[in-house]
2 protein chains.
Amino acid sequence: MKKSVLNVAKLEAAASKLRAIGHPMRIAIIDMLNDEPQMNVTKIYKGLGIEQASASHHLNILKTKGVLISKRDGKKILYSIKNAALSEIIDCINRCSDY
Amino acid sequence: MKKSVLNVAKLEAAASKLRAIGHPMRIAIIDMLNDEPQMNVTKIYKGLGIEQASASHHLNILKTKGVLISKRDGKKILYSIKNAALSEIIDCINRCSDY
DNA sequence: TTAATACATGCATATATTTGAATATACTAT
DNA sequence: ATAGTATATTCAAATATATGCATGTATTAA
């Protein structure tokens, strides 16, 4: 099992997912979805007090990077966390606040 | 214990740490330090095949954000991971590669 | 089919991050 | 003091990311 030469694609994939979560509003979205596992866009952007378009952009990033999934429910789109491990990361990071 | 209103400072702190790790070369650095817990800058930048200045920048980011610590050893500066939990995050992210 | 609601997308601008070349600083040995 | 080694810093250019406005699309109800 070699590991010495660095696999840039794999590193970029991991980095990309970390950057997806690495934004205050996106962490806030994940937090909200931790409390309430399925939320629509309106509830999210009003809950955060941001523009609808801004929430939509953030949600798209989180979905594209595999953090969230979405499904339509009538007029609404319900978002939820794809992999529970990802919300543990937030906890982990917070636990590391050691200065 | 209130949690409804979002604590932007705390969110930004967590996001900032995630972004610190969210770069291919910086993940590679953490990986290297997982194998060999103390490394100097020269060994790191040659191992990664990047510029010395680039490595220095990345190391500074990781140090500033509390991911790494450094100590001088003669002419060299030895870097190491500050909190082991942070390297678990990488594993965690990689485990989430589920497409 | 029209109107209203719920989201998404395109675009422009603003801001942040990355990179490398050049240069500066710190330490060691002579 | 000087030279060599190891690392940091500064700066500019390139690239990436964020934000908001305007507009587009999908769904429902009348």
Side-chain angles (χ1 to χ4, degrees), chain A residues 6 8-9 11-30 32-33 36 38-80 82, chain B residues 6 8-9 11-30 32-33 36 38-81:
Chain A
L6 65 191
V8 180
L11 290 172
E12 176 51 56
S16 155
K17 206 165 231 171
L18 281 164
R19 283 199 308 277
I21 313 174
H23 185 288
M25 284 305 160
R26 296 200 287 266
I27 292 181
I29 288 171
I30 293 171
M32 288 177 93
L33 288 171
E36 188 177 342
Q38 281 205 329
M39 295 185 80
N40 65 36
V41 181
T42 301
K43 196 162 188 183
I44 290 169
Y45 86 77
K46 291 193 174 169
L48 295 175
I50 59 179
E51 292 282 323
Q52 178 267 317
S54 180
S56 217
H57 281 138
H58 287 310
L59 288 167
N60 182 54
I61 288 167
L62 289 169
K63 187 181 170 184
T64 302
K65 300 298 177 58
V67 180
L68 301 184
I69 54 175
S70 67
K71 71 170 192 182
R72 181 172 283 279
D73 172 31
K75 283 192 249 192
K76 304 178 176 179
I77 306 281
L78 297 178
Y79 281 87
S80 47
K82 183 173 182 181
Chain B
L6 64 193
V8 180
L11 291 172
E12 176 51 55
S16 156
K17 206 164 229 172
L18 281 164
R19 283 199 309 278
I21 313 173
H23 185 287
M25 285 305 159
R26 295 199 289 263
I27 292 181
I29 289 171
I30 294 170
M32 289 177 93
L33 287 170
E36 188 177 342
Q38 280 204 329
M39 295 185 80
N40 65 35
V41 181
T42 301
K43 196 162 187 183
I44 290 170
Y45 88 76
K46 290 193 173 168
L48 296 175
I50 61 178
E51 293 284 324
Q52 178 266 317
S54 181
S56 216
H57 280 138
H58 287 310
L59 289 166
N60 182 54
I61 287 166
L62 288 170
K63 187 180 169 186
T64 302
K65 299 298 176 60
V67 178
L68 301 184
I69 54 175
S70 68
K71 71 168 190 185
R72 180 173 284 277
D73 172 30
K75 284 192 246 192
K76 304 177 177 179
I77 305 282
L78 298 178
Y79 281 87
S80 49
I81 295 174

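Just so it is clear, the model here is predicted, and its values are computed rather than measured. Throughout, protein chains are lettered first and strands after them, A, B, ... in sequence-line order, and every chain is numbered starting at 1.
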Quiz item: Which whole-number value in Å describes the distance from B/Y79 OH to D/dA6 C1'?
Solution: 11 Å

Practice problem: Quickly work out the B/M39 CE to D/dT7 P distance and round it to whole Å. | Solution: 11 Å

Side chains of residues 43-52 of chain A: which donor-acceptor pairs under 3.5 Å do they make with residues two or more places apart or in other chains?
unit_1 : atom_1 : unit_2 : atom_2 : d
A/K43  : NZ     : A/E36  : OE1    : 3.3
A/K43  : NZ     : A/E36  : OE2    : 2.9

Quiz item: So how far is it from A/R26 CZ to A/L68 CG, rounded to the nearest 0.5 Å?
Solution: 10.5 Å

Self-check item: Residue list, side-chain hydrogen bond (donor to acceptor under 3.5 Å, both in side chains) with A/S70, at least two apart or on another chain
Solution: A/K63

Quiz item: Atom CG of B/L68 to atom C1' of D/dT7: distance rounded to whole Å?
Solution: 15 Å

Quiz item: Given atom NZ of A/K65 and atom C1' of D/dA16, what is their separation to the nearest angstrom?
Solution: 11 Å

Quiz prompt | Counterpart residues, ring pair (Phe, Tyr, Trp, His ring centres under 6.0 Å), relative to B/H57 (two or more places apart) | solution = none

Exercise. Return the set of residues passing side chain to side chain contact (heavy atoms under 4.5 Å, CB included) with B/K75 (not counting sequence neighbours), or none when no residue passes.
Key: none

Exercise. Find which nucleotide of DNA chain C each of B/G74 and A/R19 is nearest to by heavy atoms, and output the residue with the more 5' nucleotide.
Key: A/R19

Quiz item: To the nearest angstrom, how far is B/K63 atom NZ from D/dA8 atom P?
Solution: 7 Å

Quiz item: Between B/K65 and B/S16, which heavy-atom pair has the shortest distance, and what is it?
Solution: CD-OG, 3.1 Å

Quiz item: Considering residues at least two apart in sequence or located in another chain, which fulfil the side chain to side chain contact (heavy atoms under 4.5 Å, CB included) criterion with A/I30?
Solution: A/I21, A/L62, A/V67, A/I81, A/S87, A/I90

Practice problem: Sequence neighbours left out, what passes side-chain hydrogen bond (donor to acceptor under 3.5 Å, both in side chains) with A/H23? Give chain and number order. | Solution: none

Quiz item: Run the side-chain contact (heavy atoms from CB on, under 4.5 Å) check on A/L18 and B/I27 step by step: do they pass?
Solution: CA-CA 10 Å; A/L18 281 164; B/I27 292 181; 4.0 Å; yes

Quiz item: Between the two ends of the helix from C/dT1-D/dA30 to C/dT30-D/dA1, what is the bend in degrees, rounded to 10 degrees, where each end axis spans five pairs?
Solution: 20°

Quiz item: NA contact type, A/I61, heavy-atom cut-off 4.0 Å: base, sugar-phosphate, or nothing?
Solution: sugar-phosphate

Exercise. Identify, with sequence neighbours excluded, every residue that meets side chain to side chain contact (heavy atoms under 4.5 Å, CB included) alongside A/L78.
Key: A/Q38, A/N40, A/K71, A/D73

Quiz prompt | Atom pair distance, as rounded to whole Å: CD1 in A/I21 and P in D/dT17 | solution = 15 Å

Quiz item: Which part of the nucleic acid, if any, lies within contact of A/Y45, taking any heavy atom under 4.0 Å across all strands shown: a base, the sugar-phosphate backbone alone, or nothing?
Solution: nothing

Anything under 3.5 Å between a protein N or O and an N or O of nucleotides 19-26 of chain D, put it in a table, one pair a line.
unit_1 : atom_1 : unit_2 : atom_2 : d
D/dT19 : OP2    : A/H23  : NE2    : 3.4
D/dT19 : OP2    : A/H58  : NE2    : 3.1

Practice problem: Please determine if a side-chain N or O atom of B/S56 lies less than 4.0 Å away from the OP1 or OP2 oxygen of D/dT9. | Solution: no

Quiz item: Between B/I69, B/V41, B/I29, which is the residue that forms a side chain to side chain contact (heavy atoms under 4.5 Å, CB included) with B/Y79?
Solution: B/V41

Self-check item: For chain A, the stretch of DNA chain C it reaches, first to last nucleotide, under 4.0 Å of its heavy atoms
Solution: C/dT5 to C/dG10

